[in-house]
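As structure tokens, the structure follows; a few thoughts come after it.
Letters A, B, ... mirror the listed sequences (proteins, then strands); counts begin at 1.
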Number of protein chains: 2
Amino acid sequence: MAATILIVEDEPAIQELISYNLRNNGFIVACAGSAEQAKIMVNDVLPDLILLDWMLPGTNGIDFARYLRQGARTKVIPIIMLTARVDESDKVSGLEVGADDYVIKPFSPRELVARIKAVLRRRLPEASDEIVETGGLKLDPATHRVTVTDRADKSKLIEVNLGPTEFRLLHYLMTHTERVHTRGQLLDRVWGDHVFVEDRTVDVHIRRLRRALEDVGKDDLIQTVRGAGYRFSYQCEVDIP
Amino acid sequence: MAATILIVEDEPAIQELISYNLRNNGFIVACAGSAEQAKIMVNDVLPDLILLDWMLPGTNGIDFARYLRQGARTKVIPIIMLTARVDESDKVSGLEVGADDYVIKPFSPRELVARIKAVLRRRLPEASDEIVETGGLKLDPATHRVTVTDRADKSKLIEVNLGPTEFRLLHYLMTHTERVHTRGQLLDRVWGDHVFVEDRTVDVHIRRLRRALEDVGKDDLIQTVRGAGYRFSYQCEVDIP
DNA sequence: TGTATTTGTCACAATGTTGTAATGTTAGCT
DNA sequence: AGCTAACATTACAACATTGTGACAAATACA
């Protein structure tokens, strides 16, 4: 997760309060004291969400939100408005400029965090739900199930039990078959970009995945390419006599 | 489940007519006389479905529908268009902006209700109050009852006693089976997205639901998917020894 | 008003998962 | 064959996630 949140708030006390709470909840926080400062920071920080005070000195919150909605890069960033007023007309303007939610001061830190999480959740693309089917294996991200579909007795699907990492690893391999992936590439794509993990760890997870697939006789789908990495392949191996 | 319907219609007579009929059919009704008013109400009321007049003063129906489809929160709300015209080009625009159905004026109240129910059934199964029956469990939203229907002795129904939240949770799960739901998704859909509770609270309610189902031997319908969430499934898991 | 039910949260237990290191195997080379 | 680097396998402790019972606050109900 570790989403980055930009707080645009002129009052230092509130800024500090929010900042503290968000950090405590695992967010990365950046602060701006004015819309002008925020304009600069947005392009530096590229936040995943912006907490925006309604009333700001200089450019006010609404104008800044409108500005954000114009930039190609910034218009996709969700905005949560912080407001002391509960005016109907405020709600309208807020929603019109594309605020995703608004929180009325005073608010509890927990409420704020909950709303942030809710907004982030809605923004995230429903991580490709498509069923992948290769080499007699079927992986369904929606139900989080891996089943064997090969044998004649199609009525009885056998389920393969995998841990979270093995599941992601298999998903990645099944959506990128017939290609060799170095350990580094797998770490980047399956574990995440900036994770510090030993290359050798991949071996272990490949092993775990293979063991799970052994039970259903599908472990030969994952092949080792010496000196390069691993490959998921349905093609028969060609032996030279 | 007493779905909430927002009527957006400028003519008071028609508004009243529809409103009266929907209330009679057990719906909760909110009314707006213009798109502008509706914009505000949508976020307050969070309706399960919107009945939208094609021709409105100010912002017209299509533009409003388009606006709704932009909001992350509102884009999932089903829309039924009300129109006096039967123009082909109208149909097209209606479908383009994502209307789920359209009703041509004048319409019979019965037809309108039928269409609403049809759309709800398709888009929001848990909001329609049809009886759900899955995996040997029968849940009746109208009478608020859950019974076991499995065993041969069909004359003797056993009732499962659930608290309100457990009931809603089970209802949601039973109308969305086989799919993994994260705690966050369950909070959004079962608790409502303006409610703020800890993620882990879901665990506790799952536990309560399971305990209630234990009594009738149905607790294995609710499965934990580690690192992902929970799933309601009547498919037997086949593990390899 | 008192009583029962429901609800959200917490603390701790139980369980599963993960990364690493140590050790065993294999493939490719001379 | 012997050597070596690359890979496989295993074990394990640290870590994360989930299960569970208890509790107090909120709520409904009589």
Taking CG in B:N161 as the centre, count heavy atoms belonging to other residues, nucleotides or ligands within less than 6.0 Å. Is the count above 12? no
Under-4.0 Å salt bridge between [X] and [Y]:
X: B:R121; Y: B:D100; answer: no
X: B:D48; Y: B:R123; answer: no
X: B:E130; Y: B:K117; answer: no

Parallel, tilted or perpendicular, as decided by the 30° and 60° cut-offs, for the rings of B:F167 and B:H144: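 It falls in the parallel class, under 30°.
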Tell me whether the side-chain N/O atoms of A:W191 come closer than 4.0 Å to OP1 or OP2 in C:dT18. no
So, is A:T165 near the phosphate of C:dT17, with a side-chain N or O under 4.0 Å from OP1 or OP2? no
Indicate whether any N or O donor in one side chain lies under 3.5 Å from an N or O acceptor in the other, for B:R210 and B:T224.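 The criterion, which ignores hydrogens and geometry beyond distance, is satisfied for B:T224 and B:R210.
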Please give, in whole Å, the distance from [N] [atom2] to [X] [atom1]?
X: B:E198; N: C:dG8; atom1: CD; atom2: C1'; value: 9 Å
X: B:H144; N: C:dT6; atom1: NE2; atom2: P; value: 11 Å
X: A:E166; N: C:dG16; atom1: CD; atom2: P; value: 14 Å
X: A:F167; N: C:dT18; atom1: CZ; atom2: C1'; value: 18 Å
X: B:L213; N: D:dG19; atom1: CG; atom2: P; value: 14 Å
X: B:H205; N: D:dG19; atom1: NE2; atom2: C1'; value: 15 Å
X: B:D199; N: D:dT18; atom1: CG; atom2: P; value: 10 Å

Can you build the contact string for nucleotides 3-14 of chain D? Use B for base contact, S for sugar-phosphate-only contact, and - for no protein heavy atom under 4.0 Å. --BBSSSBB---
Result for 5'-nearest mapping on DNA chain C, choosing between B:N161 and B:T201, is B:N161
